[in-house]
There are 2 protein chains.
Amino acid sequence: MRFPKLFERLAAQVSLPAEEWEKAEALASEQVLARRELFLQPGAPSDRFALVLQGVFRAVRVSASGAESIKAFRAEGELIGAYAEMLQRRPSMTAIEALEPSRVLVFRTRDLEELERGHVCWERLARRVAEYHFLLKERREQEFLDLTAEERLVRFWEEHPHLKGRVPQRDVAAYLGITEEALSRIMSRRRKQRG
Amino acid sequence: MRFPKLFERLAAQVSLPAEEWEKAEALASEQVLARRELFLQPGAPSDRFALVLQGVFRAVRVSASGAESIKAFRAEGELIGAYAEMLQRRPSMTAIEALEPSRVLVFRTRDLEELERGHVCWERLARRVAEYHFLLKERREQEFLDLTAEERLVRFWEEHPHLKGRVPQRDVAAYLGITEEALSRIMSRRRKQRG
DNA sequence: TCGCCGCCTTGACCTGGGTCAACCCGAGGG
DNA sequence: CCCTCGGGTTGACCCAGGTCAAGGCGGCGA
């Protein structure tokens, strides 16, 4: 077993036999990415996803008008991939880019589907993954509905303290749904008021 | 079998044995709700959910400041319930209210969990439900990130044509994340421009 | 050492949407 | 028949955030 810690984390979620995990490990491959390198480019088939071993990524949606908005940041222990597109079996509309030199553990969707046919634990895990990501999205939806940009900023750092210093400010702005100028002003206003 | 159409719809999603569906039907109960009646009140345990047979509902989150924001509208064939809270086994923070006289088919969470232990089809179905609701949330997140209020309005009616005339305007506004005054102005502006 | 580049800040100005308050209008009840 | 009430509209005013444009500044390659 190459990744016993990972196995423990997953086994805590759903009962996952060690031999099933070993099968998955055998199908997975490590990939190293340089800063700015893409794990997934828009237009590519969304037939693979990965677990971040080291580093930080941003998932970027490029709209028709060319504006970038950020769907998520992902760091160690989190999954990267065009999940929505994968579920719909469509090509990715999302770029997933390393913000630092990174290492990930890559799985092919097809391989996972194969594993699912062999043992129910994988379906249970897939369910957990779906439910977890649903909760993430619902939380963000609520923030957009109820909170000002400044309140969203405060929440962002509460929820992602591990990203401090690792993501450029303009990307935080794009995550919050505002421009980098607006974010800069919010921050300087807060600096003056609080100290 | 009381609801053969429902069964067909579900069976198209995951392979669902008829006898499992009959077990579920036996555990479910129909409930009739008057206009304005709550299927679920905030603070109540989120131990039940339902399928809408007839009518329209709104899921409302009441924030600390007393402002209402609308998480979703649900009509015939859709599920109502405090899904996020259910997944976290917390009391509901959401009110679910009938906007018209309605009929629903109620399931208890515990009963479903029991069914899950008996046959894998229920877990598969739960996975589908989670994935589907994830997609809904992700779509809405994207709309908040990339679209103006006016564009969100247009999308809303594209995505929910069946709600025309069944939901009050103020609720549409609360769904879009704006005030009823703002929505009113957007509509009158559009009336003038297009015709 | 210099100059460029990536990232952030600041300023001037504009605009979408919030807030408060008045008003309109159609449906039901007394 | 009028009154009320719920839901929608309109106006005046304000403010958060967008847009465009001009710097600032630290780091790195030539």
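Heavy atoms only: backbone and side chains are in, while hydrogens, waters and symmetry mates are out. By convention in this document, chain letters (A, B, ...) are assigned in the order of the sequence lines, proteins followed by strands, and residues within each chain are numbered from 1.
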Minimum-distance nucleotide to [X] side chain [options: [options]]:
X	options	answer
A:S184	C:dT10, D:dG17, D:dG8	C:dT10
B:R191	D:dG18, D:dT9, C:dG17	D:dT9
B:R36	D:dG17, D:dG7, C:dC8	D:dG7
B:S188	D:dT10, D:dG17, D:dG8	D:dT10
A:E181	C:dT10, D:dG7, D:dG17	C:dT10
B:P168	C:dG11, C:dT9, D:dG8	D:dG8

Margin query: Using a heavy-atom cut-off of 4.0 Å across all strands, would you classify B:R152 as base, sugar-phosphate, or nothing?
Written below: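 Nothing: the residue B:R152, judged by heavy atoms under 4.0 Å, touches no strand.
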Please report the distance, rounded to the nearest Å, between [atom1] in [X] and [atom2] in [N].
X	N	atom1	atom2	result
B:I178	C:dG16	CD1	P	13 Å
B:R58	D:dG7	CZ	P	9 Å
A:L183	C:dC7	CG	P	15 Å
B:M187	C:dG16	CE	P	18 Å
A:R170	D:dG17	CZ	P	20 Å
B:R185	D:dG8	CZ	C1'	12 Å
B:L147	C:dG17	CG	P	11 Å
B:R35	D:dG7	CZ	C1'	10 Å

Aromatic contact between [X] and [Y], with the criterion being ring centroids under 6.0 Å apart: yes or no?
X	Y	value
B:Y83	B:F49	no
A:H160	A:F73	no
A:F134	B:F134	no

Margin query: Using a 3.5 Å distance criterion without hydrogens, assess whether the side chain of A:R152 forms a donor-acceptor pair with backbone atoms of A:L147.
Written below: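 Yes, because the side chain of A:R152 sits within donor-acceptor range (under 3.5 Å) of the backbone of A:L147.
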With a cut-off of less than 4.0 Å, is there a side-chain N or O of [X] near OP1 or OP2 of [N]?
X	N	answer
B:Q169	D:dT9	yes
B:R189	D:dT9	no
A:T179	D:dG18	yes

Note to self: If you apply the rule side chain to side chain contact (heavy atoms under 4.5 Å, CB included), what do you find for B:E97 with B:R36, and how did you get there?
What the structure shows: CA-CA 6 Å; B:E97 181 187 333; B:R36 317 232 106 188; 4.0 Å; yes
